[in-house]
Participant: 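Below is the structure I would like to discuss, written out as structure tokens.
Just so you know, these numbers use all the heavy atoms, side chains as well, and skip hydrogens, waters and symmetry mates.
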Amino acid sequence: MVVHTQTSKMSLYRTFLVLTLMGFSQSAPPVESDPYDLENYDVDADTWDLNTYGETYIYDDLDEEIEVVTSAPPPAVTQTSAVVYLEEVTLPPRSTKSPAPSTLDFRAPGLFGPDTGLGLPSCLLCVCISGSVYCDDSELTQIPPLPKDTTHFYARFNKITEVKAQDFINLNKLKRIDLSGNLISKVDEDAFRSLSHLQDLLLADNNIQVLPELPASLKHIDVQNNQLRSSGMHAEAFKEMKELQFLYLSNNKLDYIPVPLPESLRVLHLQNNNIQSISQDTFCNSHDMSYIRKALEDIRIDGNPVDINLYAQAYVCLPRIPVGTPV
């Protein structure tokens with residue numbers, strides 16, 4: 001921006017006044033003595049009448065006229081637009097066949113456990129904490145491959161329909177299996193047999209009709225609310241279970257009490273079955289009248305078509321009389 005300043009009349013007057021005071025003006029009063037003599041500065045005020053120098057000037061306009069000239073801005077720099085080239089791509093035709101359903105398989109274990117075949121290792125599909133694997137309410141239809149160090153497995157409230165022999169193969173550390181609340185209707189005969197450290201087997205609320213051979217190490221068995229029949233159980237199925245304490249078989253279709261029962265048994269629930277009679281040796285020993293079964297304290301037979309009052313001799317060895325409903 002260029003600024004041109006026009007000198008005003010006031011500026012000219014100021015210049016003239018300065019020159020006059022310095023003694024350069026010809027119209028100044030004559031001074032006979034040395035102009036630089038200090039005595040000459042003490043003169044009469046009339047001699048230096050400054051008003052006489054401004055009579056010919058007009059002070060109407062004291063503002064300076066400033067002419068502002070703005071130069072035109074430089075032309076804007078235009079950027080060249082990028083040219084986008086589009087290439088037409090022909091996609092392959094979409095298949096009309098429905099994709100094959102994902103199935104669980106047994107593959108080599110990785111950092112998060114074996115591959116489940118569903119794109120996730122077991123310990124990402126489920127939750128693995130210190131040997132315990134939690135797969136509750138995960139929409140499972142099959143038991144996933146488990147890490148070899150699994151000790152407790154929970155897969156409650158899923159849609160599992162079958163327990164296969166290979167589901168727990170080589171899992172020698174398993175102590176607890178809980179498959180309650182599924183749709184299990186078939187259990188392979190060898191599904192649990194090799195689990196020598198298994199203590200708790202919970203299969204409640206399923207559709208099981210046949211119970212396979214079970215390991216003798218069990219302490220807690222829960223198969224209530226199934227479709228289990230007496231013909232679907234092995235003869236003397238619980239005889240060798242020296243540590244069995246809790247046996248829940250209520251709400252099934254059993255015709256009789258599975259005998260012999262181990263001495264370690266504390267709780268036996270058989271309510272809501274089809275039991276019609278009780279043997280004198282079911283709980284006691286008819287050949288030893290001094291025999292006392294101290295551990296078995298909780299027996300429930302209510303909801304069966306059996307009158308427990310007719311079998312008084314069957315309870316003489318028990319610390320408590322079974323709970324039952326007379327017909």
Side-chain angles (χ1 to χ4, degrees), residues 140-143 152-169 171-172 174-279 282-283 296 298-301 303-304 306:
L140 294 178
T141 57
Q142 301 181 55
I143 297 174
H152 296 72
F153 174 57
Y154 301 87
R156 299 166 290 193
F157 316 116
N158 284 285
K159 299 178 181 179
I160 300 171
T161 59
E162 182 179 0
V163 181
K164 302 175 183 178
Q166 64 180 1
D167 288 341
F168 301 109
I169 192 170
L171 297 176
N172 299 324
L174 263 177
K175 295 181 179 180
R176 185 182 184 93
I177 297 175
D178 193 344
L179 297 172
S180 304
N182 279 274
L183 304 174
I184 300 172
S185 58
K186 181 181 179 181
V187 183
D188 285 356
E189 182 64 25
D190 297 332
F192 310 115
R193 178 189 295 169
S194 62
L195 304 177
S196 58
H197 291 86
L198 189 64
Q199 298 179 0
D200 305 315
L201 179 61
L202 311 179
L203 302 172
D205 303 309
N206 281 283
N207 298 315
I208 299 173
Q209 300 182 22
V210 178
L211 196 63
E213 183 177 352
L214 302 176
S217 58
L218 284 171
K219 296 181 178 181
H220 182 186
I221 300 175
D222 189 349
V223 200
Q224 60 183 326
N225 298 320
N226 277 275
Q227 303 295 321
L228 187 61
R229 299 178 180 272
S230 295
S231 59
M233 297 177 60
H234 286 262
E236 301 183 344
F238 309 109
K239 180 181 180 179
E240 300 301 326
M241 298 182 183
K242 306 299 184 181
E243 299 182 10
L244 183 63
Q245 299 182 33
F246 307 94
L247 181 57
Y248 299 97
L249 298 170
S250 59
N251 297 292
N252 279 283
K253 298 181 178 180
L254 299 177
D255 299 322
Y256 55 84
I257 299 175
V259 292
L261 297 170
E263 294 288 331
S264 58
L265 194 63
R266 297 172 53 190
V267 176
L268 175 63
H269 285 188
L270 291 164
Q271 63 266 39
N272 301 320
N273 276 279
N274 193 35
I275 298 174
Q276 302 180 19
S277 63
I278 300 175
S279 170
T282 299
F283 306 113
L296 192 53
D298 184 6
I299 303 175
R300 292 194 58 179
I301 315 178
N304 284 275
V306 60

Participant: For a 4.5 angstrom cut-off between non-hydrogen side-chain atoms, does Asp222 reach His220?
Facilitator: yes
Participant: Kindly indicate, with the supporting measurements, whether the criterion salt bridge (charged side-chain N to carboxylate O under 4.0 Å, His left out) is fulfilled by Asp167 and Lys164.
Facilitator: CA-CA 5 Å; Asp167 288 341; Lys164 302 175 183 178; over 6 Å; no
Participant: In Å and rounded to the nearest 0.5 Å, what is the CD1 to CZ distance from Ile278 to Phe283?
Facilitator: 5.5 Å
Participant: Output the distance between atom CD (Gln245) and atom CD (Gln199), rounded to the nearest 0.5 Å.
Facilitator: 10.0 Å
Participant: Could you check whether any side-chain N or O of Asp200 sits under 3.5 Å from a backbone N or O of Ile221, counting only pairs where one atom can act as donor and the other as acceptor?
Facilitator: no
Participant: Do His152 and Asp178 meet the criterion of a side-chain donor-acceptor pair at a distance under 3.5 Å?
Facilitator: no
Participant: Is it true that a side-chain atom of Asn226 and a backbone atom of Ile208 form a donor plus acceptor pair closer than 3.5 Å?
Facilitator: yes
Participant: Tell me, do Ile160 and Thr141 make a side-chain contact under 4.5 Å, heavy atoms counted?
Facilitator: no
Participant: Do you see a donor-acceptor pair shorter than 3.5 Å between the side chains of Asn272 and Asn251?
Facilitator: yes
Participant: Check whether any side-chain N or O of Ser264 sits under 3.5 Å from a backbone N or O of Lys242 as a donor-acceptor pair, and report yes or no.
Facilitator: yes
Participant: Please answer whether the main-chain N or O of Leu249 pairs with a side-chain N or O of Asn273 as donor and acceptor at a distance below 3.5 Å.
Facilitator: yes
Participant: Roughly how far, to the nearest 0.5 Å, is the CG atom of Asn252 from the CD atom of Gln227?
Facilitator: 7.5 Å
Participant: Any chance you could measure Ile177, atom CD1, to Leu203, atom CG, to the nearest 0.5 Å?
Facilitator: 8.0 Å
Participant: Return yes if a side-chain donor-acceptor contact under 3.5 Å exists between Asp205 and Asn225, otherwise no.
Facilitator: yes
Participant: Using side-chain contact (heavy atoms from CB on, under 4.5 Å) as the criterion, point out the one residue from Asp188, Leu179, Asn206 that pairs with Val163.
Facilitator: Leu179
Participant: What's the spacing between Leu265 CG and Lys219 NZ if we round to 0.5 Å?
Facilitator: 14.0 Å
Participant: Locate the shortest heavy-atom distance separating Phe238 from Pro262; write the atom from each residue and the value.
Facilitator: O-CD, 3.4 Å
Participant: Is a donor on one side and an acceptor on the other found under 3.5 Å between the side chain of Ser217 and the backbone of Ser196?
Facilitator: yes
Participant: Verify, without hydrogens or angle tests, whether Glu162 (side chain) and Ile184 (backbone) share a donor-acceptor contact under 3.5 angstrom.
Facilitator: no
